[in-house]
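Beneath this line is the structure, given in structure tokens, with notes to follow.
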4 protein chains.
Amino acid sequence: MQYEISGASRLPIYRQLVEQVREGIARGDLKPQDQLPSVRQMSRDLVVNPNTVARAYTELEREGLVANRPGRGVFVAEPRADLTKDARRKRLIETIDRLLTEAVNLGFSEEEVARLVAARSRQFHWNTPNSAPK
Amino acid sequence: MQYEISGASRLPIYRQLVEQVREGIARGDLKPQDQLPSVRQMSRDLVVNPNTVARAYTELEREGLVANRPGRGVFVAEPRADLTKDARRKRLIETIDRLLTEAVNLGFSEEEVARLVAARSRQFHWNTPNSAPK
Amino acid sequence: MQYEISGASRLPIYRQLVEQVREGIARGDLKPQDQLPSVRQMSRDLVVNPNTVARAYTELEREGLVANRPGRGVFVAEPRADLTKDARRKRLIETIDRLLTEAVNLGFSEEEVARLVAARSRQFHWNTPNSAPK
Amino acid sequence: MQYEISGASRLPIYRQLVEQVREGIARGDLKPQDQLPSVRQMSRDLVVNPNTVARAYTELEREGLVANRPGRGVFVAEPRADLTKDARRKRLIETIDRLLTEAVNLGFSEEEVARLVAARSRQFHWNTPNSAPK
DNA sequence: GTGGTCTAGACCACA
DNA sequence: GTGGTCTAGACCACC
């Protein structure tokens, strides 16, 4: 996978990295057990401070998306479901409401939003209903 | 409308206020020309500094969602749509991708997301396709 | 670039700063990716409160003219044009009418105004018609 | 002439009035010696505080655009030229530069601006070069 | 070092 | 009463 930080973004560098990994996993570009570049490698590639990369990895580990195996590297974790169905629903609904708020404020119609969501969905790597954690 | 701020949130107070007003407008709880609580009133209610409330209102004014009328109060503005279709689309798609990323990471299926989006949509106050800015 | 604020002006300090940066960009004295003086630097130079400078920068960011990169500084943004042609036209015409009103009240003739506008135009850094947003 | 205040404007009411009279004179809708509505009349018509109207008239008198004849009313003044040609030029150029700054920032081309200025000029009531104060 | 947020408290303009 | 501006000074996140 290709990582890049936009010096021009208002987003802190470490957050840009976190987002890219999160999205990489969601799109299926990163699969469980894939190894991420080492902190030093990544920091050289992107010309950023190693501390900044380490911080991004720490954040991702805290979320359970990657696992740090000391001495060997950082790997994409197996999907876990440490949250209850209810907690996960609640979290998703918050994000959905934020999306709908923005859509209404921007003047979109309900249909346009549904259509755009469906269109973008095709680019993601969905769990089959069966494999979804219960 | 009821406003509340949570000290526990990672979101700054003024952003929490902005979000709540935005959502109030999107849900139709706040209608054009409705008066918002005065800066001082709100600052007393929420026990925050008046400057913090004023900052939220200023931000909302810059977005065109409210109009500050010095000496008279702050009011919900008539909906405008100054942004090009392109700029608005781009902004929405970013939010959609964030949503889908989170949904996949949380283990939801494509259908579940579509269903939840449709369900939550009913609580919002959509523009009719005709009145939507082109 | 040289910045200066006049205590005698009826314009608030932060607006004076905003105007000067806007004009600097329009004249081409400030180019995309140029770094502006840091908040603290500028506040020392002009002997104003850092908050006042920060407010000017925030305002400019909301207009899309500069980008604030936390921890790194404030930079001139790449030109964007998110506003619809209509919204931009309306805004410009308001300013034009204010100009013409003043010109008439000051006793200038139509030709003098046109001539002066043309003369001053040469000092600005125009978009080529092709690169202008449609 | 018809006056109106937009409760929705961010501009103070008295300034809205000042602007309308200024523009009325510049467009030729108000001619020298025309009588303006009395403070009480105007305050009733627009449903605003008489103090607010009085304040607008005071401002206009200070600018020399109207003359208050105590006991008889407020009248549009004869065009005067109490400012030197140089002072008037300087003032106009400031406004022109503000216009050009905004035009460039909004992405207009030099030609578009010249065209728009010419178009709007036709709606104003220009002094003939001869009658212009020297 | 950079910008971002918040508080406390002051003074002004507007209605 | 309303909002708008400014200062002083604090603390935090980021690089």
Side-chain angles (χ1 to χ4, degrees), chain A residues 5 7 9-17 43 46-56 59, chain B residues 5 7 9-18 35-43 46-59 61 66-75, chain C residues 5 7 9-17 35-43 46-61 66-75, chain D residues 5 7 9-17 43 46-56 59:
Chain A
I5 60 129
S9 171
R10 62 274 166 253
L11 223 58
I13 293 173
Y14 88 96
R15 293 277 281 116
Q16 295 186 40
L17 271 178
S43 93
L46 303 178
V47 198
V48 299
N49 194 304
N51 290 331
T52 306
V53 179
R55 175 157 186 193
E59 178 101 2
Chain B
I5 58 134
S9 170
R10 68 287 168 221
L11 223 56
I13 295 176
Y14 86 97
R15 296 280 282 116
Q16 294 185 40
L17 273 178
V18 167
Q35 181 162 10
L36 295 178
S38 82
V39 169
R40 288 160 166 87
Q41 184 61 47
M42 181 87 92
S43 95
L46 303 177
V47 198
V48 299
N49 191 290
N51 284 332
T52 305
V53 178
R55 181 165 182 188
Y57 283 177
T58 303
E59 182 101 2
E61 180 172 41
V66 309
N68 298 8
R69 307 182 198 158
R72 286 165 288 168
V74 176
F75 300 79
Chain C
I5 58 135
S9 170
R10 69 286 168 224
L11 224 55
I13 294 175
Y14 86 96
R15 296 279 282 117
Q16 295 185 40
L17 274 178
Q35 180 162 10
L36 296 178
S38 81
V39 169
R40 288 159 166 88
Q41 184 61 47
M42 181 87 90
S43 94
L46 303 178
V47 197
V48 298
N49 191 290
N51 284 333
T52 305
V53 179
R55 179 165 184 187
Y57 282 178
T58 303
E59 182 101 2
L60 287 162
E61 180 173 39
V66 310
N68 298 9
R69 306 181 198 160
R72 286 166 287 168
V74 176
F75 300 80
Chain D
I5 60 129
S9 170
R10 60 274 166 250
L11 224 57
I13 292 173
Y14 88 96
R15 293 278 279 114
Q16 294 186 42
L17 272 178
S43 92
L46 301 178
V47 198
V48 299
N49 193 304
N51 290 331
T52 305
V53 179
R55 177 158 183 192
E59 179 99 3

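In this text, all values refer to a predicted model and were calculated from it rather than measured experimentally.
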Subject >> Nucleotide opposite E:dT5 in a Watson-Crick or G-U pair, distances under 3.5 Å >> reply: F:dA10
Original post:
chain C on DNA chain E: first and last contacting nucleotide, 5' to 3', under 4.0 Å to a heavy atom?
Top reply: E:dG1 to E:dC6
Original post:
Which atom names give the shortest non-hydrogen contact between A:Q16 and A:I5, and what distance separates them?
Top reply: OE1-CA, 3.5 Å
Original post:
Which atom pair, heavy atoms only, marks the closest approach of B:L17 to B:A56?
Top reply: CB-CB, 3.8 Å
Original post:
When you match A:L11 and B:R40 each to their closest nucleotide on DNA chain F, which lands nearer the 5' end?
Top reply: B:R40
**OP:** With DNA chain F as reference, determine whether C:R55 or B:R72 sits nearer its 5' end, using the nearest nucleotide of each.
**Re:** B:R72
Under 4.0 Å, heavy atoms only, any strand: does [X] hit a base, just the sugar-phosphate, or nothing?
X: A:V48; value: nothing
X: C:N68; value: sugar-phosphate
X: B:Y14; value: sugar-phosphate

Original post:
Is there side-chain contact between B:Y57 and B:P37, with heavy atoms separated by less than 4.5 Å?
Top reply: yes
Subject >> Side chains of A:V53 and A:L46 in contact at under 4.5 Å (non-hydrogen atoms) >> reply: no
Original post:
Want to settle it: does C:P70 or B:N51 sit nearer the 5' end of DNA chain E, counting the closest nucleotide to each?
Top reply: C:P70
Original post:
Relative to the 5' end of DNA chain E, which residue comes earlier, D:I13 or B:T52, by the nucleotide with the nearest heavy atom?
Top reply: B:T52
Original post:
Taking only residues two or more places apart in sequence, or in another chain, which ones meet D:R15 in a side chain to side chain contact (heavy atoms under 4.5 Å, CB included)?
Top reply: D:L11, D:P12, D:E19, D:R22
Subject >> Distance, rounded to the nearest Å, where A:N49 contributes CG and F:dA13 contributes P >> reply: 17 Å
**OP:** Any chance you could measure C:M42, atom CE, to C:T52, atom OG1, to the nearest 0.5 Å?
**Re:** 11.5 Å
